[in-house]
Amino acid sequence: MVEKKDMRRKLPVFFGLHAKLPRGLGIVLALLPFALLVIVYLTASDIRQKANPQDKLLPPVSKIAKALEKSAFTLDKRSGVILLWQDTASSLRRLGIGMMVSACLGFLMGLNMGLLPGIRGLSLSFVTFISNIPPLAILPILFISFGVGEVGKVMLIILGTFPLITRDIYLAAKRIPKENIVKALTLGASQFGVVYRVVFPQVIPRLIDTVRLSLGAAWLFLIASEAIASQDGLGYRIFLVRRYLSMDMIIVYVAWITFLAFLADLGLRKLVAVRYPWYSPRAEG
Amino acid sequence: MTENTPFLLYLEDVQKQYGEKIVLDDIDLAVKQGAFCTVVGPSGCGKSTLLRLILGQEQATSGRIFMEGVPIALPSPDRGIVYQRYSLFPHLTILDNTMLGKQLSVPFWTSLRRKKTARDEAMHYLESVHLGAHAKKYPHQLSGGMQQRVAIAQALIMKPKILLMDEPFGALDPGTREAMQLLILELWEAHGMTIFFVTHDLEEAVFLGTRILVLSQYYRHESASRESSGQGARIVADYPLNTRKARSTRVKETAKFGRLIQRIRYDGFDPEYRQDAREFNLKHTDSFITFTE
């Protein structure tokens, strides 16, 4: 006789494929790496401060707080603006315009390439070619041809993200089942209608997803171009204060950029979930 | 062209090749308005290919296809389609899916103006397939049978001259399947439709149709070599069925029903038994055959 007790195996809490995390443990586990990072930093900072009170490499929390206060809540004496907000506004404007243009262009290109064999034949190999150019490598060309002003920086973001968005939307449009398109034709859709009234709305959430994933690259290009030639912007500031080894300021700015990027990612994810409930049905039930 | 005008659908010497492989060979077919024409055949015989040719999704390699005497070209609203899958648009609610035809067939601005009437009409069609209560849901929230009912309503609203159905109930469980069979018969009668129905289920084909076509690559042709398995499928049998359809699935249990299914199995599904091309069972009054060498 088999004992009943043995029939029901207890699932492990943490180890292995079958682990079933209790809710509380899940939260603790998620916070643990953050806590470790803070502890390691504070300890290291403390050790260095004890050895040399002038140390700039790992500033204590008090100095970081002072840097935050100075950059985010005090008027800059020379320019008469609050630096962090000024920098944020400039950077977000560049990022916003760049992403907007590349999202629109990439979407229209990808959609038409995915559905119309003529457009595909014309542009697929060209877009593939363009997407293999490392964008940072042509930054000098952009600065020479578009100047070191706003256009050059926005162009870098566009060139850096547009091919990726185009190819992703192209694949999404191509994945629409043939049956779906034929069905639309039997419902009286024109060819234009199939592209812009049937497939267009189906690919929009995919676009938002792609933009979300491209934002990481966009930040990279933004900060790189601001670091090289700019008068303001988050990237500009970081590379400016680097000259004075102001780690406190750099840490404030990096944390702020990370927070902005996190907010953008979360916002776009929520937008898709709320506005397009049909897009990832697995979330339900 | 005048000879085929009494027929809604008319195929003449239609052949379809993919590369070297002949899939359909020498298909002659005439279908009258109001027929419920079912098509069966062994798997891979080209049933669905034939349907796609009539739909315009694919083009015949040779031969001609007419709708009311006019050669068909690309897919258009006079031929409705219900596939086994992918008939619905995942981004639209059930109601929007159903009214989509009304919207797509007019320019965008006009469709906005006529939204109210389109919605009312769509609601009417949804209720006729018993889905009025689910109008606000998305396709992925519905069961397979319900999705197919939406697909039928969505096609019906365009009032197609012929409704093409490609194994529409193939993925449903047996209970749902029988309910759908009764529903499609009900709609067929109510709307006076012409239906071209491809299925791999012999019982379903005999139960639903007023005419059954057996498509098969298992036949002998004098000009073909004996063992060639690469010959294209042809219509090897064409039987008239009960035109006054029974309202009950009980008829499936009768002996006559069973005998007919046996007969069809023999005609088209047995690779060992091959009838000569000149002895096909083309019993339907609309059937004809042209011998072309």
Side-chain angles (χ1 to χ4, degrees), chain A residues 107-108 110-112 114-118 168-169 171-211 268-269 271-285, chain B residues 48 51-52 54-58 72-94 96-108 111-112 118 122 136-142 150-151 153-164 166:
Chain A
F107 184 69
L108 289 179
L111 185 67
N112 285 291
L115 295 174
L116 310 174
D168 198 60
I169 296 298
L171 290 176
K174 225 179 127 192
R175 263 200 306 272
I176 302 274
K178 176 90 177 146
E179 287 89 343
N180 214 266
I181 287 165
V182 173
K183 177 87 198 190
L185 290 171
T186 67
L187 293 177
S190 62
Q191 300 196 21
F192 184 85
V194 167
V195 180
Y196 290 97
R197 292 169 75 181
V198 175
V199 178
F200 184 110
Q202 286 192 60
V203 183
I204 285 283
R206 179 76 218 177
L207 174 71
I208 299 176
D209 249 11
T210 310
V211 165
L268 291 177
R269 243 183 318 144
L271 176 67
V272 171
V274 172
R275 184 78 183 70
Y276 306 98
W278 50 269
Y279 180 61
S280 47
R282 265 171 300 147
E284 262 181 59
Chain B
S48 295
L51 179 131
R52 285 198 294 271
I54 297 170
L55 179 61
Q57 182 175 341
E58 285 175 34
I72 64 130
L74 296 166
S76 76
D78 62 354
R79 280 155 287 146
I81 174 76
V82 173
Y83 292 106
Q84 186 173 358
R85 292 175 66 201
Y86 304 122
S87 293
L88 297 182
F89 299 90
H91 66 300
L92 296 174
T93 62
I94 300 313
D96 288 336
N97 258 295
T98 312
M99 63 194 268
L100 188 65
K102 287 280 151 189
Q103 304 246 283
L104 284 179
S105 52
V106 294
F108 182 65
S111 78
L112 289 185
K136 291 241 154 59
K137 290 186 180 166
Y138 284 98
H140 73 264
Q141 294 167 305
L142 265 52
V150 180
Q154 183 187 43
L156 281 187
I157 203 169
M158 297 308 285
K159 303 193 172 66
K161 288 176 188 150
I162 186 166
L163 181 61
L164 307 168
D166 191 359

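A, B, ... follow the sequence lines: proteins, then strands. Residue 1 opens every chain. Small disclaimer: the values here were computed from a predicted structure and weren't measured.
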**Report entry** Which of I204(A), L187(A), I181(A) touches chain B most, by non-hydrogen pairs under 4.5 Å
**Finding:**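 If we count pairs closer than 4.5 Å to chain B, L187(A) comes out on top.
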[X], part contacting chain A, at a heavy-atom distance under 4.5 Å:
X	answer
L92(B)	neither
T93(B)	neither
P160(B)	neither

Heavy-atom cut-off 4.5 Å, strictly under: side chain, backbone, both or neither for V194(A) against chain B?
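Neither part.
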Q | Under 4.5 Å from a heavy atom of chain B, the part of P177(A) involved | A |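 When you check distances to chain B, only side chain atoms of P177(A) fall under 4.5 Å.
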Which atoms form the tightest heavy-atom contact between [X] and [Y], and what is the distance?
X	Y	answer
A189(A)	L104(B)	CB-CD1, 3.7 Å
G188(A)	M158(B)	N-CE, 4.3 Å
Y138(B)	P277(A)	CE1-CG, 3.7 Å

Check your understanding: How about Y86(B): does its OH atom have over 12 heavy atoms from other parts shown lying under 6.0 Å from it?
Key ->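 Incorrect, the count does not exceed 12.
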| said: If you count heavy atoms of other groups shown closer than 6.0 angstrom to CZ of R197(A), is the number above 12? | reply: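 Check passes, neighbour count above 12.
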Any side-chain heavy-atom pair of W278(A) and H140(B) under 4.5 Å
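Yes; the side chains approach each other to less than 4.5 Å.
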(message) Do L74(B) and L185(A) make a side-chain contact, defined as non-hydrogen atoms from C-beta onward lying under 4.5 Å apart?
(response)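 No; the side chains remain at least 4.5 Å from each other.
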| message | For the backbone of I81(B) and the side chain of K183(A), can you confirm whether one donor and one acceptor N or O come within less than 3.5 Å of each other? | response |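 Checking the backbone N and O of I81(B) against the side chain of K183(A), a donor-acceptor pair under 3.5 Å is found.
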| Distance from I176(A) atom CD1 to F89(B) atom CZ, nearest 0.5 Å? |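 Between atom CD1 of I176(A) and atom CZ of F89(B) there are 9.5 Å.
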* **Separation between OH of Y83(B) and NZ of K178(A), rounded to the nearest 0.5 Å** =>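 Here the interatomic distance stands at 8.0 Å.
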By side chain to side chain donor-acceptor pair (under 3.5 Å) - contacts of S190(A) (at least two apart):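 Once residues adjacent in sequence are excluded, S190(A) has no partner under the side chain to side chain donor-acceptor pair (under 3.5 Å) criterion.
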Inset, instruction - Output all residues satisfying side chain to side chain donor-acceptor pair (under 3.5 Å) with Q202(A), sequence neighbours left out; order by chain, then residue number. - result: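 For Q202(A) the side chain to side chain donor-acceptor pair (under 3.5 Å) partners, ignoring immediate neighbours, are N180(A).
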